[in-house]
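Here the structure comes first, spelled out in structure tokens, and everything after it is commentary.
In the text below, chain A, chain B and the rest are named by the order of the sequence lines, each starting its count at 1.
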4 protein chains.
Amino acid sequence: MRKVDHDSRREDVAAAAASLIANKGLEALTTRALAKELGCSIGVLSHYFHSKEEIVIAAFRWADQRIDLRMQEAIADDSPNIESFFPVIKAGLPLDAESDLEWRVRLNLHTFALTHDTSLQAEREKNQQFRDLMTGMIAGLQNKGHVTKEVSAEDITSIAFDLVNGMAKNLVMCPFDEREQKAEYLYKLIEMLRPLPKP
Amino acid sequence: MRKVDHDSRREDVAAAAASLIANKGLEALTTRALAKELGCSIGVLSHYFHSKEEIVIAAFRWADQRIDLRMQEAIADDSPNIESFFPVIKAGLPLDAESDLEWRVRLNLHTFALTHDTSLQAEREKNQQFRDLMTGMIAGLQNKGHVTKEVSAEDITSIAFDLVNGMAKNLVMCPFDEREQKAEYLYKLIEMLRPLPKP
Amino acid sequence: MRKVDHDSRREDVAAAAASLIANKGLEALTTRALAKELGCSIGVLSHYFHSKEEIVIAAFRWADQRIDLRMQEAIADDSPNIESFFPVIKAGLPLDAESDLEWRVRLNLHTFALTHDTSLQAEREKNQQFRDLMTGMIAGLQNKGHVTKEVSAEDITSIAFDLVNGMAKNLVMCPFDEREQKAEYLYKLIEMLRPLPKP
Amino acid sequence: MRKVDHDSRREDVAAAAASLIANKGLEALTTRALAKELGCSIGVLSHYFHSKEEIVIAAFRWADQRIDLRMQEAIADDSPNIESFFPVIKAGLPLDAESDLEWRVRLNLHTFALTHDTSLQAEREKNQQFRDLMTGMIAGLQNKGHVTKEVSAEDITSIAFDLVNGMAKNLVMCPFDEREQKAEYLYKLIEMLRPLPKP
DNA sequence: TATGAATGAGTTTTCATTCAT
DNA sequence: CATGAATGAAAACTCATTCAT
């Protein structure tokens, strides 16, 4: 048989699909366009996916996981403090071309999920896991005195979560050269989480 | 007279289209489905709109404007203070069935705009207008001592803007009975805008 | 609206489909070929049928009912006797071009039903009704002394039923000019049903 | 040696194809499904057959010959009489699972032949041979006084031939436990072939 | 021989749009 | 104005066949 890595080929397809979704929109993701983007025949697609919907889902997962991975890699494992947040959050925002593409796909996923129950369920579960993780981290920081206890860990999580989603949506609509600056206030907000100096 | 009828008919179509978008997704908005939703023949649509894209845009505008209108109506014209924010923000969030539908459409619009330049431009201009308006209002409140000056009016606007967008996206994914509670932290955040009592 | 009789249009489609099935086989019944046969565009088909399978079923029913109708019309209502059988059976056999087409479709249906439960069920029910009807008729003739009681009405029905099916299959494989002759023995067989003259 | 392997492999393919045709229908016989049924890769098929049509024909022949073989084996070579018919006819009907499968394939073949001239020709020739053989046998029995001369050998052959085809089609549509009983009348019919006792 | 990835023509199906009534 | 039948381009999907490994 010809040597091909099935999983890696699937990922190629997913990445190409994600690229189309990001640049032309979900409705432009046709099997023809995708085959062209991949430089192969349309028949190839059915080797790796049973239907177009499967491809769409794979593209969504591909982009979603890359954003998450990017953030995980930015997490400093040892002795986290307020400063640790900055790189993680930067990693989670669409500040360069690569993450811009991924966020465009993720935003499509959010809309898609609104009317696709399975995706909606998956989305909600993923969010909940993420929130639990983050709440735990913040509570840890609070206990170590790195973060103010004036706001509950849950509320900080909620703020961060919604803010990142809202800002990401906002950023992908802006030219790249305005994004860093637009994201700046977020860092100021983080600063406000420092505990007040004890009198 | 005839003009009124014509416009009101166009709005009916837009509303029906919005309903379909919200409940079934943009890809489920077909001319047949729309005619069925409206209880009329497909031929009618071409009397009021030249193409399907026009209908989509009209649905987007319809929903968008209703959210904005809802917020404007909640604005207390005279002597605004921190408390004035609460009803406005509530009015701007998808907390009931009606606003839920509108937000679902708006979220579709956001995704749509990512790959449709005209809509993107319109979206950005609208946002800018809204931000300018809000920044002005907050600066006024700051001058009157109702809002802390520790954070700039621009930053408060940015926070509010992104937060509402992120939260709205979040809320439409939740059951209605969890929404009020999920939105609660926003009100706490507003409380933090109060100026510190002078020592 | 354009004046069209929906049901009659459906029948046109079914008839055209039946013609294709009879002449080219079920696998040659494509939407393209059918549209061509009908002299219309492929889109028309979806106005009258939701799927190709529906069309296939309609074609089967069309042919099936025409054979049955042909037989019913040949039934002499009043005072039936042995002679009454001849025209009915002739009407039920593929002896001319029209009934040949219908039988070809019916034979396709029989094969189709083997692996399509719904059709199989329908086929069996129809057969049972037909058998019950025929058994009743024969019993009546037996009581009136027109038909021998040496063979039970049920057995005569079974013989007739299987014989007609087998013979029809046989006849459609023959040139038309051989068919009448091939069917002749059936009439002889019917003669044997006459009761023996009482000694 | 190698030739044997080759032929046996071809038969495996034909048998697997026949199984698919019988259980899922001719349209379900795809190269992929066949490879799966065989437990091998699709590439194998092209080693043993040049095209799918060849495989279909082979499957038809496989089933057809097995029915014929089954009947031949049931023929009592020496001193045949009326009783000799019973086991032959039973062997020729789809009364158990094995012959059921073969008859399902044969019925597919009959339909297939309607629109495939080569198969039709083959079918007709085979039938004619069979009829000639049977007519000869019956004439022999008539001469020996085992079978009535009231009906010509040709007519008896025709009756038997059509009856078996019709009944087979009938039986494969019934549950197995009803088949023996449904076939019973055939044996009664054979009894009627006995010559009348001379007065 | 055996494999199964790749091809691409062909099929069903969907759908915005047009237009005769 | 309203209707919905008709159109046909374009979509997703199927599948026999080929061929590099």
Side-chain angles (χ1 to χ4, degrees), chain A residues 1-6 9-10 13 27-35 38-56, chain B residues 2 5-6 9 27-36 38-56, chain C residues 1-6 9-10 13 27-35 38-56, chain D residues 2 5-6 9 27-36 38-56:
Chain A
M1 65 170 172
R2 298 191 201 164
K3 295 262 179 58
V4 286
D5 181 336
H6 197 82
R9 207 81 177 79
R10 273 178 68 97
V13 176
E27 84 271 15
L29 176 60
T30 65
T31 48
R32 273 172 155 71
L34 183 51
L38 273 166
C40 69
S41 69
I42 51 171
V44 167
L45 304 176
S46 58
H47 274 293
Y48 298 103
F49 295 92
H50 289 84
S51 69
K52 192 192 157 188
E53 181 160 354
E54 252 189 21
I55 295 176
V56 172
Chain B
R2 284 275 295 278
D5 279 354
H6 195 82
R9 207 85 174 79
E27 83 271 14
L29 175 60
T30 64
T31 48
R32 283 182 133 73
L34 183 52
K36 202 170 195 178
L38 273 166
C40 71
S41 69
I42 50 174
V44 167
L45 303 176
S46 55
H47 282 296
Y48 299 102
F49 295 92
H50 291 85
S51 71
K52 191 193 158 188
E53 182 161 352
E54 254 189 19
I55 296 176
V56 172
Chain C
M1 66 172 172
R2 297 189 201 165
K3 294 265 178 56
V4 287
D5 182 337
H6 198 82
R9 208 79 177 80
R10 273 178 68 97
V13 176
E27 83 271 15
L29 175 59
T30 65
T31 49
R32 275 171 154 70
L34 183 51
L38 273 166
C40 70
S41 69
I42 50 171
V44 167
L45 303 176
S46 58
H47 273 294
Y48 298 101
F49 296 92
H50 290 85
S51 69
K52 192 193 156 187
E53 182 160 354
E54 252 189 19
I55 296 175
V56 171
Chain D
R2 284 274 295 278
D5 278 354
H6 195 83
R9 206 86 175 79
E27 84 270 16
L29 175 59
T30 64
T31 49
R32 283 182 133 72
L34 183 52
K36 202 171 195 175
L38 273 167
C40 70
S41 68
I42 50 173
V44 167
L45 304 175
S46 55
H47 282 296
Y48 298 103
F49 294 93
H50 290 85
S51 72
K52 192 192 156 188
E53 183 160 351
E54 254 189 20
I55 296 176
V56 172

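With a cut-off of 3.5 Å on both pairing distances, the Watson-Crick and G-U wobble pairs of DNA chain F assemble into stems of 3 or more at E:2-21 with F:2-21.
In this structure, B:H47 atom NE2 and E:dT17 atom P are separated by 15 Å, rounded to whole Å. Computed from coordinates, the C:R9 CZ to F:dT7 C1' distance equals 13 Å when rounded to whole Å. Rounded to whole angstrom, the span from the CD atom of A:E27 across to the P atom of F:dA11 amounts to 11 Å. In this structure, NZ of A:K52 is placed 12 Å from C1' of E:dT14, rounded to the nearest angstrom. Rounding to whole angstrom units, CG of residue D:L38 and C1' of E:dT3 are separated by 14 Å. Rounded to a whole Å, the CZ atom of A:F49 is 15 Å from the C1' atom of E:dA5. Atom CG in B:L29 sits about 7 Å away from atom P in E:dA16, given to the nearest Å. E:dT14 atom C1' lies 16 Å from atom CG of B:L34, rounded to whole Å.
The minimum heavy-atom distance between D:T31 and D:L45, with the atom names listed, is O-CD1, 3.6 Å. Shown here for C:E54 and C:Y48, the closest heavy-atom pair between the two residues is OE1-O, 4.5 Å. In plain terms, the two heavy atoms of D:A28 and D:A33 that are nearest each other are O-CB, 3.8 Å. Closest approach of D:S41 and D:A35 over heavy atoms only: C-CB, 3.8 Å. Here the shortest heavy-atom pairing between D:R9 and D:V44 reads NH2-CG1, 4.3 Å.
Residue-environment remark: NE2 (A:H6) exceeds the threshold of 12 foreign heavy atoms within 6.0 Å. Summarising the local packing, CD of D:E27 is surrounded by more than 12 heavy atoms from other residues, nucleotides or ligands at distances under 6.0 Å.
A residue-by-residue look at A:R32 and A:H6 shows that A:H6 has its nearest nucleotide of DNA chain E further toward the 5' end. Ranked by how close their nearest DNA chain F nucleotide is to the 5' end, A:H50 and C:I42 are led by C:I42. Mapping A:T31 and D:S46 onto DNA chain F by nearest heavy atom places A:T31 at the nucleotide closer to the 5' end. Mapping D:V44 and B:G43 onto DNA chain E by nearest heavy atom places D:V44 closer to the 5' end of the strand.
Nearest nucleotide to the side chain of A:S41, out of E:dA6, E:dA2, F:dC13: E:dA6.
Considering only side-chain N and O atoms, A:Y48 lies nowhere under 4.0 angstrom from the phosphate OP1 or OP2 of E:dG4.
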